[in-house]
Amino acid sequence: MTVRGLLDTSVLVATDVDPIPGQLAISVISVAELHFGVLVAKTAGARATRLTRLSRLQRRFDPLPVDDAVADSYGQIAAHVAASGRQPRARALDLLIAATAHVHGAVLYTRNPEDFRGLESFVTVSSA
C-alpha cells in the first residue's frame, strides 16, 4: 500500500481540520489511543461521541500495523531522542506513530508539531 500521509491522533480527534488531499492512512497506535479515549470519557455523551468517531474511522481506514520495520524505526527514533537528552519513553506512542510514517515514507499530519520536534531527519511533519 502506498501511503502519502499519516494522520496523527490529534488530527483524528479534531473537529476543525481542513480536508487533507492524497492517500491517507492511520496507525494502529492511534486506534489504541482512541479506544482509551472512549473508556476514560467522563460522561455518557462524551463516550458516545468518541465511540462514534472511532467506529467511523475503523470503517474508513485499515490501520497500518506496528510490524518489524516500524519496530526497527522506533528503536532508531527513540535512540535519537535519547541522544538529544530527552526522554523517549514519555513520548513512546508519538514516536511509534512517527516510526510508522517513517517506514511508509509518509508525511505526518498533526495538530501538535512540537511533539515531533527533532525528528526531521526521519519524517516530514506537517501541521493540519
Side-chain angles (χ1 to χ4, degrees):
M1 171 180 181
T2 301
V3 177
R4 297 179 193 246
L6 185 71
L7 304 176
D8 179 39
T9 311
S10 63
V11 174
L12 299 175
V13 299
T15 57
D16 62 344
V17 176
D18 290 330
I20 300 170
Q23 193 170 3
L24 303 173
I26 64 173
S27 168
V28 70
I29 299 300
S30 290
V31 174
E33 289 183 309
L34 294 171
H35 275 289
F36 174 70
V38 169
L39 295 172
V40 299
K42 301 216 183 288
T43 67
R47 189 173 302 108
T49 299
R50 291 175 182 186
L51 185 58
T52 298
R53 178 182 294 121
L54 174 59
S55 296
R56 284 184 185 147
L57 288 167
Q58 287 178 309
R59 283 191 304 274
R60 180 173 175 197
F61 293 101
D62 184 17
L64 298 174
V66 174
D67 57 14
D68 287 342
V70 172
D72 177 63
S73 177
Y74 168 80
Q76 294 174 46
I77 290 172
H80 175 79
V81 169
S84 71
R86 293 178 294 160
Q87 178 53 254
R89 287 188 179 146
R91 306 173 54 205
L93 297 179
D94 286 336
L95 298 182
L96 281 164
I97 291 170
T100 303
H102 176 233
V103 165
H104 291 277
V107 173
L108 177 56
Y109 291 97
T110 183
R111 299 294 292 240
N112 305 313
E114 189 61 23
D115 291 349
F116 303 96
R117 180 178 48 84
L119 303 183
E120 295 81 7
S121 61
F122 295 95
V123 64
T124 300
V125 176
S126 181
S127 295

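In this text the structure is predicted, and so the values were computed from the model without any measurement. The chain is numbered in sequence order, starting from 1.
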Result of checking Ile97, Val103, Ile29 against Val66 for side chain to side chain contact (heavy atoms under 4.5 Å, CB included): Ile29
Quick one, [X] and [Y] - any side-chain contact, counting heavy atoms below 4.5 Å?
{"X": "Leu24", "Y": "Phe61", "result": "yes"}
{"X": "Thr110", "Y": "Thr9", "result": "no"}
{"X": "Leu12", "Y": "Leu34", "result": "yes"}
{"X": "Gln58", "Y": "Arg53", "result": "no"}
{"X": "Thr52", "Y": "Arg47", "result": "no"}
{"X": "Leu119", "Y": "His80", "result": "yes"}
{"X": "Tyr109", "Y": "Leu6", "result": "no"}
{"X": "Arg91", "Y": "Arg86", "result": "yes"}

Tell me whether [X] contacts the main-chain N or O of [Y] through its side chain, where contact means a donor paired with an acceptor under 3.5 Å.
{"X": "Arg111", "Y": "Ser10", "value": "no"}
{"X": "Glu120", "Y": "Gly118", "value": "yes"}
{"X": "Asn112", "Y": "Glu114", "value": "no"}
{"X": "Ser55", "Y": "Leu51", "value": "yes"}

message: When you group the ILVMFWY residues by side-chain heavy-atom contacts below 4.5 Å and let the links chain together, are Val17 and Leu57 in the same group?
response: yes
- request: Examine Val107 and Ile20 and state if one hydrophobic cluster contains both, with Ile, Leu, Val, Met, Phe, Trp and Tyr joined whenever side-chain heavy atoms are less than 4.5 Å apart.
  value: yes
Point-to-point distance, once rounded to the nearest 0.5 Å, from [atom1] of [X] to [atom2] of [Y]:
{"X": "Leu108", "Y": "Asp94", "atom1": "CG", "atom2": "CG", "answer": "8.5 Å"}
{"X": "Asp67", "Y": "Ser73", "atom1": "CG", "atom2": "OG", "answer": "10.0 Å"}
{"X": "Asp8", "Y": "Ser30", "atom1": "CG", "atom2": "OG", "answer": "5.5 Å"}
{"X": "Leu64", "Y": "Asp62", "atom1": "CG", "atom2": "CG", "answer": "8.0 Å"}

Ignoring hydrogens and angles, write down the donor-acceptor pairs under 3.5 Å from the side chains of residues 121-128, residues two or more places apart or on other chains.
none

